[in-house]
Amino acid sequence: MKQKLEALILTAVDTLKNEGVIDAGITPKITIENSRDLQHGDFATNVALVLAKPAKSNPRALAEKIVAALPKDELVSRIEIAGPGFINFFINPDAQFQIVSQILDQGAKFGLSQTGAGQKVQVEFVSANPTGPLHVGHGRGAAYGSVVADLLEAAGFTVHREYYVNDAGRQMDILATSIWLRYLAECGEVVPFPTNGYRGEYVREIAGDIHKSAGNDYRRPAELIVEDIPPDEPQGGDKETHIDALIARAKTLLGVSLYEDFFQIGLKTILQDIRQDLAEFGVNYQEWFSERSLMESGAVEEALDRLRQAGYLYEQDGATWFASSRLGDEKDRVVIRDNGQMTYFASDIAYHMNKLDRGYDKIVNIWGADHHGYIPRVKASIEALGADASKLTVLLVQFAVLYRGEEKVQMSTRSGEFVTLRQLRNEVGQDAARFFYVMRRSEQHMDFDLKLATSKSNENPVYYVQYAYARVCSVLRQLDEKNWERDITLGMDNLNCLREEHEMALLTTLARYPEVLERSALMYEPHQLVHYLRDLATEFHTYYNAHQFLVEDPVIRNARLNLICAVKQVLSNGLLLLKINTPEAM
RNA sequence: GCGCUUGUAGCUCAGCUGGAUAGAGCAUCGGCCUUCUAAGCCGAGGGUCGCAGGUUCGAGUCCUGCCAAGCGUACCA
């Protein structure tokens with residue numbers, strides 16, 4: 001609809017150019033909007049206002065000339081000039097009706113577009129360290145990321161969803177050592193648990209399982225473990241050096257192979273838990289990409305070599321640095337520490353190099369907002385590798401703060417008392433969890449009210465949309481009970497009897513769906529879809545209260561049924577994208 | 001100190017990339033169930049869009065400077 005209008009306006013502008021009214025060199029940026037106010041027609045454009053200055057003309061006068069030059073089209077029933085020079089278009093009602101048959105014809109495909117056809121996009125999200133279960137913060141990234149990916153797919157992109165598994169590095173060593181220490185406790189060895197260890201209950205469970213299946217195979221005497229270990233924080237020492245020493249001790253006492261058992265079992269168990277958690281939440285991936293595989297395949301060395309050849313690496317204080325400050329980062333970054341270990345950033349460079357080499361047109365990373373400081377250095381590394389950094393988009397998701405009514409829910413990873421995603425799902429349910437996560441702009445700090453999400457009342461916005469869907473279903477059931485046949489063709493042939501204000505409003509809203517979907521996708525803003533569905537539900541509920549659908553007159557009845565079935569279809573398409581259920585009865 | 005993000009109704013948030021009289025939900029107040037589900041609808045009140053400048057026909061939206069909140073500023077991941 002908008003495209004047609006745009007074409008008409010362009011023709012008019014061209015005519016005026018030929019007449020010399022407008023300088024031929026000017027190409028206006030035409031914006032067409034859905035009018036907010038019905039008095040302003042269905043669509044409005046500001047071309048006249050934009051062109052007034054370069055054309056050295058009064059906007060209203062110019063608007064009149066443009067309107068005069070507009071080709072006649074049956075789509076438009078009336079054109080008005082308003083305010084400072086807006087051109088308002090009133091769409092011919094007959095043209096609006098076709099949306100109903102279009103929706104019912106296309107069904108689940110209505111709204112999908114081919115905008116991104118032929119383009120490959122990779123979306124990486126969640127990527128939480130596999131050192132414990134996902135918590136509510138990850139949940140927001142999961143819901144947001146999966147919907148963004150699905151929206152892109154709906155817009156025609158080929159989407160590759162990926163989880164980057166940090167299965168290398170110190171955090172994993174801390175996990176392995178934590179499990180071992182808990183295991184020793186199972187065996188009866190008394191070793192104080194380090195401040196910096198993972199204290200969650202799940203660590204004990206994994207340790208317990210190992211003890212059950214392996215008995216005392218991994219048991220080592222407590223004296224040997226604590227011998228000469230520097231003190232922990234409560235004893236006046238440093239918790240970091242303390243735990244590092246414990247890790248080193250674990251490796252010596254167990255040997256590489258046995259230590260690796262703990263590492264692998266911990267990784268496997270937790271990763272399995274994360275996968276299952278996400279799958280239950282409706283979040284699925286094409287690939288779980290291992291950081292370790294980058295180290296083992298030599299990809300990290302290769303990436304560093306490429307940076308070195310490009311002249312971006314230098315040695316200082318025994319460490320190897322990447323000169324990211326030359327490419328916009330605030331300071332240079334260490335890639336190889338003075339102890340010879342690669343930093344996390346080094347493998348991250350290799351990972352992004354790998355993504356680029358895979359030939360994606362777009363790379364989308366969804367990160368927690370606390371990682372924002374990382375963006376400049378990653379972009380710098382991509383540029384240093386000679387690639388196009390604009391291919392990478394990093395979307396930040398702000399933390400969700402949990403409330404239970406007025407009361408803030410405390411979360412602490414240290415104590416192991418944090419609220420897990422699983423607990424949240426169980427408490428508020430799948431639909432409410434997804435809806436709440438995705439109904440706010442991702443950059444918006446979010447208050448997640450558990451009480452509101454759990455409430456099965458009118459306070460809860462999730463039910464509002466679902467209820468609209470269920471109501472349509474209910475009407476169709478009533479139709480059956482009355483033994484009335486639904487005559488789709490009769491309804492289609494008589495859509496022009498849908499002249500009530502509420503019906504016209506529904507038609508325009510329905511027609512907006514494809515555009516909303518595309519915008520949501522291209523702007524990575526699922527909340528736009530959520531708001532749209534809310535609006536559609538509102539208009540349906542209003543209509544429902546204002547008019548009876550199951551009326552005696554079969555012509556009006558079937559026309560209205562077709563309209564509400566179109567509403568049902570669009571609600572279903574939208575909710576499906578959000579992976580929110582469409583209950584037939586509530 | 002510097003950087004990123006955010007300041008819009010009592011609360012939680014939208015605001016379609018600069019447009020017309022700033023919108024919704026919750027909360028408050030008042031109405032609507034013998035007729036398709038009242039998890040709904042209709043109506044009312046509620047605003048210096050953090051503050052101050054600037055850009056222009058026009059600013060919640062853009063630019064500058066302040067103020068406030070969250071996060072980040074590691075040879076941690």
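Sequence lines set the chain letters: A, B, ... in the order given, protein chains first and strands last, and positions in each chain run from 1.
- Base orientation of rC42(B): anti, since the glycosidic angle falls outside 90° of 0.
- A straight line from NZ of Lys379(A) to P of rG3(B) spans 19 Å, rounded to a whole angstrom.
- Stacking is not found between Tyr544(A) and the pyrimidine-like six-membered ring of the rG40(B) base under the 5.5 Å centre-distance and 30° plane-angle cut-offs.
- At distances below 3.5 Å, not a single donor-acceptor pair connects side-chain atoms of His371(A) with backbone N or O atoms of Leu396(A).
- Distances were taken from every side-chain heavy atom of Glu291(A) (C-beta onward) to each of rC75(B), rG15(B), rA77(B); the shortest belongs to rA77(B).
- Side-chain atoms of Asn46(A) come within donor-acceptor range of the base of rG19(B), with a qualifying N/O pair under 3.5 Å.
- Position along RNA chain B of the nearest nucleotide to Arg519(A) versus Thr542(A) favours Arg519(A) as the more 5'-ward residue.
- Look at Arg557(A) and Glu485(A) and you find no salt bridge, because none of the NZ, NE, NH1 or NH2 atoms lies under 4.0 Å from a carboxylate O.
- Counting any heavy atom pair closer than 4.0 Å across all strands shown, His445(A) reaches a base atom.
- Of the side-chain N and O atoms in Gln398(A), none sit less than 4.0 angstrom from OP1 or OP2 of rC4(B).
- There is a side-chain donor-acceptor pair under 3.5 Å between Tyr464(A) and Thr538(A).
- A donor-acceptor contact shorter than 3.5 Å is absent between the side chain of Asp329(A) and the backbone of Pro376(A).
- Side-chain atoms of His372(A) come within donor-acceptor range of the base of rG3(B), with a qualifying N/O pair under 3.5 Å.
- Across all strands, Glu240(A) comes closer than 4.0 Å to no nucleic acid atom at all (heavy-atom distances).
- The 5' end of RNA chain B is approached more closely, in terms of each residue's nearest nucleotide, by Gln528(A) than by the other of Lys482(A) and Gln528(A).
- Donor-acceptor pairing under 3.5 Å, judged by distance alone, is absent between the side chain of Asp348(A) and the base of rA77(B).
- Aromatic stacking of His527(A) on rA14(B): not satisfied for centres closer than 5.5 Å together with planes under 30 degrees.
- Ring planes of His547(A) and His502(A): perpendicular class, angle over 60° (limits at 30 and 60°).
- Close to rC36(B), at under 4.0 Å from its OP1 or OP2, lies no side-chain N or O of Arg557(A).
- Phosphate contact (OP1/OP2 of rA38(B), side-chain N/O of Arg471(A), threshold under 4.0 Å): present.
- Using a 90° window around 0 for the glycosidic torsion, rU55(B) falls outside it and is classed as anti.
- Rounded to a whole Å, the CZ atom of Arg440(A) is 11 Å from the P atom of rG15(B).
- Using a 4.0 Å cut-off, no side-chain N or O of Arg377(A) falls inside it from OP1 or OP2 of rU73(B).
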